[in-house]
Structure formats: C-alpha cells, structure tokens
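Quick notes on the structure that follows.
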Amino acid sequence: MTSTAANSGARTAHPDHLGHVIFIAAAAAMGGFLFGYDSSVINGAVEAIRDRYDVGSAVLAQVIAIALIGCAIGAATAGRIADRIGRIRCMQISAVLFTISAVGSALPFALWDLAIWRVVGGFAIGMASVIGPAYIAEVSPPAYRGRLGSFQQAAIVIGIAVSQLVNWGLLNAAGGDQRGKLMGLEAWQVMLGVMVVPAILYGLLSFAIPESPRFLISVGKHERARKILEEVEGDKIDLDARVTEIETGMHREEKSSFKDLLGGRFFFLPIVWIGIGLSVFQQFVGINVAFYYSSTLWQSVGVDPSESFFYSFTTSIINIVGTVIAMIFVDRVGRKPLALIGSVGMVVGLALEAWAFSAHLVDGKLPATQGWVALIAAHVFVLFFALSWGVVVWVFLGEMFPNRLRAAALGVAASAQWIANWAITASFPSLADWNLSGTYVIYTIFAALSIPFVLKFVKETKGKALEEMG
C-alpha cells in the first residue's frame, strides 16, 4: 500500500481551506467536551449525594463508577453502530443520550434513579470516545492528523475545566453549600443539569459536518466521498487514486467485526493487545482520581471545601496547558517519545504524592511541607499526563490499527479503557480508607511499568497514511 499512498499524494496533502478542516475536527471533538464534562461534573456532587442519600464510601463509589459500565458498553458497540449507520448518526444518538442523562441526573427520584441516568450518560460517553478519534482520523490529512487528533483530548480537558469552573461558580452562588438552593433545586442538581446546553450544541454541530469518506466509500457513495476528500485533503491529490487506495484498504478483507480481532496464542491479535495495554496504562496511573474525587481528596487532608473546588479547577487548567503542549509537539516529536517523557514525569509526581500522603495528619491536616508537596506534585502529575498519555493514546488508537480492523479494534480498546477506569474509580475510596499513600504507590508502579511497555511494544505512527497501518 505504500506505493499507492505515495501515488495519490495523501502523505503530503494540504487542504485548500485548513480552517474548514479544523472546524470539522473541532465539531466532532465536541463529543470529547461532553465526555470530559460528564466525567468530571460529578466531582462537585459527591459529598452532597453522600449526605442526601446517607450512604457510605463503598455505595457512593459504585454510584460514581457505575457510569463507567455504560461507557464500556457504549465503547464496545459504537464501532459496529458506526459501520452500519455512519459516524454522524452515531454522534447524533450520543447527543440525544447526553441530553436525556443531564435532565434525568438533575431530577432524580432516588439513588437508584440517579445511577440509571449516569449509566445512560456513560453509554453516550463511550460512544463519543470511539467515534470522535475514529472520525477525526478519517477526515484528517496525514500531515495534520496528529494535531487534529489531539482535538479530542483538548476537548476532554476543556470539558473537565469548564465543569469544575461551573461547579465552583454554582457552589459560591449557593453560599458554599452543595445542597444549597438554586433555581428551586439543590446546587449539585443544577451542576449535573447544566450539561444539557453543550449536549444540544453537539447535536446541532453534527448536522454541520460531512460524513466520513471512508464510510461513504464502504456503502458505495463514491462521488460524495470524492467531494469530501477534496474538501479535507485539497485538490492537488489524485482523487481517483485516493478513493481506490481507501477502497482497496477497506475491502482486502471483510468489514471489521469482533471475530476479526481474534488470533494467535493469546485470544486477540497482538496489535489489539497493544491497544488494550495503552488504554489500561492510561487509566491505571490513577488520572481520573484527580477528576472524580479531587474535591473529596483535598477535603480529606484538611482543605476547606471552597478551596478544594478551586484546587480542582487549577488542576484542570494545568491539564489544558499540558494538552496544548502535546498538540504542539505530537507531530513534531512523535507519539512514542512524548509517551516516554510523560511516563517519567508521572512517576516523579506520583512518588512525591505517595510520600506526602504518608505523613500523619495534625488536627486533621497534612503538615505544611507535605501539604505543599502534595499540591505541587498533583499538578506535576496532571501536567505530564496531559502532555503525553492524555493525548497520544487517543491519537494512537485512531491511527494504529489496519483499516479492516479499525472500528472494531478501537471499540475493544476503548471499552478496556472504561473497564480500567471503573476499576480505579470504584476502588479508590476503599483504597484511600485503607492507606492513601499506599494507593499512590500502586499508581506510581503502573506509571513506571508503562515505560518498558512503550519501548518494547508500541510502534511510531507519525506521518503514516492510515492505509499503511497493519
């Protein structure tokens, strides 16, 4: 396939209107914004839910984490849905589910009811986590694909930051009380309900962007695919050769299905295990503890509730800064070097957090030195995660699989990511009750193990056409 890619001019394609391609990628990444917003907004409601429904840490953790089960199901099924009805229709279904979840979560009758709406939102997140990177990879010229692919993670971290800022603003409006009254509801309910606004916007934007040319070719709509390829890759490429190249890549074997992923001695093909490994390591360093439980974590070591919300917001800003750094360097430095740099930085940050949390509390607070080390190390950890694994995993998953496997393999890898996320989220309250420092030692070990994993198994995908993967 290399010679065909070279003949079509795909590798060096430059769109005539780059701004239009950026808009398409940004609109698709709105699902990532909702992914980040919905994942993190619960941070502002944890203690209010605990108080309102009078539940302990174990039950509370399950309510927080149950959305991730929906995420896993949504991620596992999204690839097949997208192959049948198209990427755009998938985005529209996801937008509807986000809207339903936002309304239901804001107006729960009971704890079980809230849990159901969180599963619905989780299914939408799972779909968005698969469709976003796959669609962006399919409409992006190879020369820009890394930067445009990183829009997904940029949108996620902006969604996280906006949710923390909204939570902080609503908490102050309610007099610092998560259960204070706002618009006839408790503050935490309004926090969860605000998501209806970006959910509707996502649905509207999905009508303004074109279908993936690869999907159109797969259903025989070649002329429409040619027009979109000309829009996103420019008129200097050989469109006939490009269509043939994509069609050949897609039809060498059957459409992707779960069965296609099986093979070898270890159930899945090696490339699928590498995708699963990237997903699991991304979660097992404990990144989502910083976004689901940060307010509760800081309060547990003596930080005032309003300050804990503020620290959650500053962490989100650092997350955005790191993501911007990754977007600048992902196509210059490459995916693999960024992942290695990030792993080293995360080991340092997590190890320092583990040391700080090992101190005995004095009057319910960490000693001053350990308190500052914990705060700074938490921001260091998030920075190095954001400039590396936060972005490059999504870019890798959108690029690394052969065309014939991409949708199904991405679904399995993203599903594994949500299962790993659930394991970390559901276990953190109990682990923290057992030994907070020991919990961070575990995360440090996984960060350290990610280094040999990347060195041995992960191949660089920088600058390659999707048709060359495999």
Side-chain angles (χ1 to χ4, degrees), residues 34-78 93-129 163 166-167 170-171 174 177-199 283 288-289 291-297 299 415 417-433:
L34 284 158
F35 167 175
Y37 194 100
D38 193 41
S39 296
S40 182
V41 71
I42 195 69
N43 189 14
V46 172
E47 294 307 310
I49 293 170
R50 186 200 300 271
D51 182 60
R52 175 163 172 169
Y53 297 107
D54 192 26
V55 293
S57 292
V59 173
L60 181 68
Q62 294 308 317
V63 174
I64 305 305
I66 198 169
L68 302 171
I69 302 300
C71 292
I73 297 169
T77 57
I93 292 170
S94 178
V96 170
L97 293 177
F98 273 123
T99 304
I100 292 170
S101 172
V103 174
S105 297
L107 304 169
F109 301 109
L111 192 63
W112 63 266
D113 177 37
L114 175 62
I116 288 173
W117 298 123
R118 284 190 53 71
V119 172
V120 171
F123 191 93
I125 294 174
M127 290 183 73
S129 74
S163 74
V166 169
N167 285 356
L170 291 173
L171 182 72
D177 182 3
Q178 290 181 27
R179 297 198 61 189
K181 292 295 181 181
L182 283 176
M183 297 182 283
L185 300 171
E186 294 184 5
W188 69 273
Q189 293 176 273
V190 180
M191 291 175 187
L192 300 183
V194 167
M195 191 180 70
V196 74
V197 176
Q283 296 303 314
N288 281 306
V289 168
F291 299 118
Y292 296 149
Y293 294 113
S294 59
S295 294
T296 299
L297 173 64
Q299 289 173 49
S415 182
Q417 187 171 128
W418 291 116
I419 293 169
N421 191 338
W422 171 82
I424 292 296
T425 305
S427 64
F428 177 74
S430 298
L431 284 172
D433 287 347

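- For the side chain to side chain contact (heavy atoms under 4.5 Å, CB included) test, residues two or more places apart in sequence or in another chain that qualify with Ile93 are Ile85, Leu97, Met127.
- In this structure Pro429 satisfies the side chain to side chain contact (heavy atoms under 4.5 Å, CB included) test together with Ser57, Ala61, Tyr293, sequence neighbours excluded.
- Among all heavy-atom pairs drawn from Thr425 and Ala65, the shortest one is CG2-CB, 3.9 Å.
- Side chains of Leu107 and Trp117 form no contact here, defined as non-hydrogen atoms less than 4.5 Å apart.
- Here the straight-line distance linking atom CD1 of Ile424 with atom CD1 of Ile419 works out to 13.5 Å at 0.5 Å rounding.
- In this structure, Ser101 contributes its side chain and Phe98 its backbone to no donor-acceptor pair below 3.5 Å.
- Listed by chain and residue number, nothing satisfies the side-chain hydrogen bond (donor to acceptor under 3.5 Å, both in side chains) test with Gln62 (two or more places apart in sequence, or in another chain).
- Not a single side-chain hydrogen bond (donor to acceptor under 3.5 Å, both in side chains) links Ser94 to another residue, sequence neighbours left out.
- When every heavy atom of Ala199 is checked against every heavy atom of Ala95, the shortest pair comes out as O-CB, 3.7 Å.
- For Ser40, the side-chain hydrogen bond (donor to acceptor under 3.5 Å, both in side chains) partners two or more places apart in sequence, or in a different chain, are Ser163, Gln164.
- Distance check, rounded to the nearest 0.5 Å: CD of Gln189 to CG of Leu170 gives 12.0 Å.
- Scanning for side-chain hydrogen bond (donor to acceptor under 3.5 Å, both in side chains) contacts around Asp51 gives Arg179, with sequence neighbours left out.
- Applying the salt bridge (charged side-chain N to carboxylate O under 4.0 Å, His left out) rule to Asp113 yields no partners; only residues at least two apart in sequence or on another chain are considered.
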Please evaluate residues Val41 and Val194 with respect to the criterion side-chain contact (heavy atoms from CB on, under 4.5 Å), reporting the C-alpha separation (whole Å), side-chain torsions for both, the decisive distance (0.1 Å), and the verdict.
CA-CA 10 Å; Val41 71; Val194 167; over 6 Å; no
So Ile42 and Ile49, side-chain contact (heavy atoms from CB on, under 4.5 Å) or not? Walk me through it.
CA-CA 10 Å; Ile42 195 69; Ile49 293 170; 3.8 Å; yes
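- When the side chain to side chain contact (heavy atoms under 4.5 Å, CB included) test is applied to Ile66, the partners found at least two apart in sequence or on another chain are Ala115, Arg118, Val119.
- Without hydrogens or angle criteria, Asn288 side chain to Gln283 main chain gives no donor-acceptor distance under 3.5 Å.
- For Val55, the side chain to side chain contact (heavy atoms under 4.5 Å, CB included) partners two or more places apart in sequence, or in a different chain, are Tyr53, Val59, Leu60, Leu111.
- One finds the CG atom of Leu68 at 11.5 Å from the CD1 atom of Ile73 (value rounded to the nearest 0.5 Å).
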Set out, in order, the CA-CA distance, both residues' side-chain angles and the distance that settles side-chain contact (heavy atoms from CB on, under 4.5 Å) for Ile125 and Leu34, then state yes or no.
CA-CA 7 Å; Ile125 294 174; Leu34 284 158; over 6 Å; no
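- Scanning for ring-ring contact (aromatic ring centres under 6.0 Å, His included) contacts around Tyr37 gives an empty result, with sequence neighbours left out.
- Within the model, atoms CG of Leu182 and CH2 of Trp188 stand 13.0 Å from one another, a figure rounded to the nearest 0.5 Å.
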With side-chain contact (heavy atoms from CB on, under 4.5 Å) as the test, would you mind laying out the steps for Val166 and Val190 before giving the verdict?
CA-CA 10 Å; Val166 169; Val190 180; over 6 Å; no
